[in-house]
Number of protein chains: 2
Amino acid sequence: MNIGDVSRQSGVPPKTIRYYEEIGLIRPNRSENGYRAFTENHVHKLAFLGRARALGFTIEDCRTLLALYEDENRESMQVKAVAEEHLRQIEEKIEKLQSMRTTLTDLVEKCAGDHRPDCPILADLSPVQLSE
Amino acid sequence: MNIGDVSRQSGVPPKTIRYYEEIGLIRPNRSENGYRAFTENHVHKLAFLGRARALGFTIEDCRTLLALYEDENRESMQVKAVAEEHLRQIEEKIEKLQSMRTTLTDLVEKCAGDHRPDCPILADLSPVQLSE
DNA sequence: ATTGACCCTCCAGTTACTGGAAGCCCTACA
DNA sequence: TGTAGGGCTTCCAGTAACTGGAGGGTCAAT
């Protein structure tokens, strides 16, 4: 199978597939003409990677997960540990973003958004408090 | 003022301050010995940048906001537009992360996390469904 | 004269791709 | 047989916003 077919079947762009080969996530053979030669198994791995990436796992996480996926002697606690750590980080990010949102929503509400220069958003960002 | 002082007063690391100069966000003078020479105004700008960055604004947003901050003829709607667009993007990110969290929480709950290899997390990532 | 704390300028690395240039390969069609 | 197209290849550069480190001047105090 050529890279185009694999891309269509796995949903992973050709460029990304080449990149994944470069960093050693997959190791396709080569045809005589120099084209990458993929198998069904590669399609599965790429789909796996696509899904894992969509869930926000880093490439290094993916590497680990892929290894566990292929390891018949894995212990599910290993997988769970990776997922839990990732989940923690996602929750951290959510909290950070929510805190930003709270502040920004507040500032946006306060700002008149008209033709005058006075702006509570800039006032909030500015370290110099306008005195009265 | 040297970079160390400015860093302490603004909360922005020296490396970052140098970077901000490189990309043209601030333009300190130079002393005879080659050291950057900062003013109070630079401290204010850097604190402004630090706060804007903490709220998640991109550097390009910061450039715009800083220009508006210094423009006496600005209209608050310009500032508000930048903030609203940023807010939209934050909300998008939050939704994406929450969707990941939902899926991951579900998977993590389902996974036994013991010494056996069976793992719903890997099963979910895998495109090959285990047949019965 | 020397120490230690500053400061300077490069250069490289981070994350995970993505775009583009230059060029070979393969198939189909006139 | 020539050519047009689509697909494949490699390599280089760029993205965002820094951060770390090497190698080397500067300054104040001892």
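Reminder, nothing fancy here: chain letters follow the sequence lines and each chain counts from 1. These numbers come from a predicted model, not from an experiment.
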Engineer: Looking at B:Arg63, does any N or O in its side chain come under 4.0 Å of the phosphate oxygens OP1/OP2 on D:dA16?
Structural biologist: no
Engineer: Can a side chain N or O of A:Thr16 be found less than 4.0 Å away from OP1 or OP2 on C:dA16?
Structural biologist: no
Engineer: Heavy-atom count around B:Arg27 CZ within 6.0 Å, excluding the residue itself: above 12?
Structural biologist: no
Engineer: Taking the nucleotide of DNA chain C with the closest heavy atom to each, which residue, B:Pro14 or A:Arg53, is nearer the 5' end?
Structural biologist: B:Pro14
Engineer: Reckon A:Thr58 has a side-chain N or O less than 4.0 Å from the OP1 or OP2 of C:dT15?
Structural biologist: no
Engineer: Hey, does B:Tyr20 reach any base, or is it just sugar-phosphate, or nothing, if we go heavy atoms under 4.0 Å?
Structural biologist: sugar-phosphate
Engineer: Verify the contact: side-chain N or O of B:Arg36 to OP1 or OP2 of C:dT9, cut-off strictly under 4.0 Å; return yes or no.
Structural biologist: yes
Engineer: Any side-chain N or O of B:Asn33 under 4.0 Å from OP1/OP2 of D:dC27?
Structural biologist: yes
Engineer: What distance do B:Leu46 atom CG and B:Phe38 atom CZ have between them, rounded to the nearest 0.5 Å?
Structural biologist: 7.0 Å
Engineer: One pair to check against salt bridge (Lys or Arg N to Asp or Glu O under 4.0 Å): B:Glu60 and B:Arg63. What are the steps and the verdict?
Structural biologist: CA-CA 5 Å; B:Glu60 284 318 303; B:Arg63 202 185 292 279; 3.1 Å; yes
Engineer: Evaluate the criterion salt bridge (Lys or Arg N to Asp or Glu O under 4.0 Å) for residue pair B:Asp114 and B:Arg116; output intermediate values, then yes/no.
Structural biologist: CA-CA 6 Å; B:Asp114 58 17; B:Arg116 288 169 301 169; 2.5 Å; yes
Engineer: With sugar-phosphate meaning primed atoms plus P, OP1 and OP2, does A:Arg18 contact a base, only sugar-phosphate, or nothing at under 4.0 Å between heavy atoms?
Structural biologist: base
Engineer: Nearest of C:dG20, D:dG20, D:dT10 to any side-chain atom of A:Lys15?
Structural biologist: C:dG20
